[in-house]
Amino acid sequence: PPLVSVDAVQKTYPGRSGGIQAVASASLTVRKGEFVSLLGPSGCGKSTLLMMVAGLEPVTAGSIALNGTAVTGPRKDIGIIFQDATLLPWKTALENVLFPVRILKLPVEQYRDRAHELLRMVGLAGFETKKPSELSGGMRQRVAICRALVHDPDILLMDEPFSALDAITRDQMNVALSEILETYHKTVIFVTHSIREAAYLSDRVLVMGGRPSTIILDMPMPFPRP
Ligand code: ADP
Ligand code: ADP
């Protein structure tokens, strides 16, 4: 069975005259180890779909299963990276990386080496004790990547993770991300506006669109990653 299974999922946010229909009906599956990009115009429901897969936003109808069990809330097998790093400003880089471990009530000491290793992999060795205000935007987003991976989730969800960065930092982030994925073999759903980025990183590209919005294209890439 696929690792991620989204079946006829709908989302209507409450509002006047029947609410805002963010997703009309979306179905997709993602196999273990696959890197899938999700493209589509602004407002077509990409973030909403990702939040539902993460268990952070309830579905209006349909169902989502991960690893064979229904998604009903936040889970240990999910890591998520948002557009803004949203680090806790009063905590150090290392403490920010370890934050999901605390939230999930896992033993922090057992994850400390892993947190250091992840920070090293994204080029932040030596910055462990810095506060977010002492780091650049690109560095903060690299801390957010480590935070999403620290608890060793099976599935990594990313919502336009690099869109706030300049072009050079963005390219460097894509390289760092590729290296991390080669080491840790995660299953990824990646929301982006960049067709170039999607083509560079993905095994398969999904496009959302239409009104009301659905998945209108599901296209394997001709040269999947090794
Ligand atoms: P995106 O970059 O994905 O297009 P938006 O700028 O549309 O993001 O939304 C940013 C945040 O605001 C998201 O957390 C989203 O859930 C929330 N949001 C977007 N539209 C509305 C709305 N109409 N009412 C309330 N919250 C919204
Ligand atoms: P995308 O990520 O593709 O830009 P979103 O999922 O952010 O799209 O938004 C899809 C639609 O749902 C938009 O019309 C947006 O304004 C609306 N929306 C998003 N979040 C909320 C929210 N929390 N409350 C109400 N409407 C929202």
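Numbering of residues begins at 1 and proceeds along the displayed sequence. Order of listing sets the numbers, starting from 1, for every ligand and every atom in it.
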**OP:** Take every heavy atom of Gly40, measure it against each atom of ligand 2, and state whether any distance is under 4.0 Å.
**Re:** no

Subject >> Per-atom contacts of ligand 2 with Ser47, taking only distances under 4.0 Å to non-hydrogen atoms >> reply: 1 (P), 2 (O), 6 (O), 7 (O)

**OP:** Heavy-atom contacts with Lys46 under 4.0 Å: which atoms of ligand 2 show up? List them by number with element.
**Re:** 1 (P), 2 (O), 3 (O), 4 (O), 6 (O), 8 (O)

Original post:
Any nitrogen or oxygen of Gly45, main chain or side chain, under 3.5 Å from a nitrogen or oxygen of ligand 2?
Top reply: yes

Original post:
So do the side chains of Leu94 and Arg112 get within less than 4.5 Å of each other, counting heavy atoms only?
Top reply: yes

Original post:
For Lys91, does its backbone N or O pair with a side-chain atom of Asn96 as donor and acceptor, under 3.5 Å?
Top reply: yes

**OP:** Answer whether the closest heavy-atom distance between the side chains of Met139 and Lys130 falls below 4.5 Å.
**Re:** no

**OP:** Run the numbers for me: atoms of ligand 2, each under 4.0 Å from some heavy atom of Thr48, listed by number.
**Re:** 5 (P), 6 (O), 9 (O)

Subject >> Cation-pi, Phe162 ring and Arg196 (6.0 angstrom, 45 degrees) >> reply: no

**OP:** Please could you name the atoms of ligand 2 that Ala22 approaches to less than 4.0 Å, counting only its heavy atoms?
**Re:** 10 (C), 11 (C), 12 (O)

Subject >> SB check Lys186 Asp152 (cutoff 4.0 Å) >> reply: yes

Subject >> Distance filter under 4.0 Å to Pro41 heavy atoms, resulting ligand 2 atoms >> reply: 3 (O)

Subject >> Ionic contact status for Arg120 with Glu117, cut-off 4.0 Å >> reply: yes

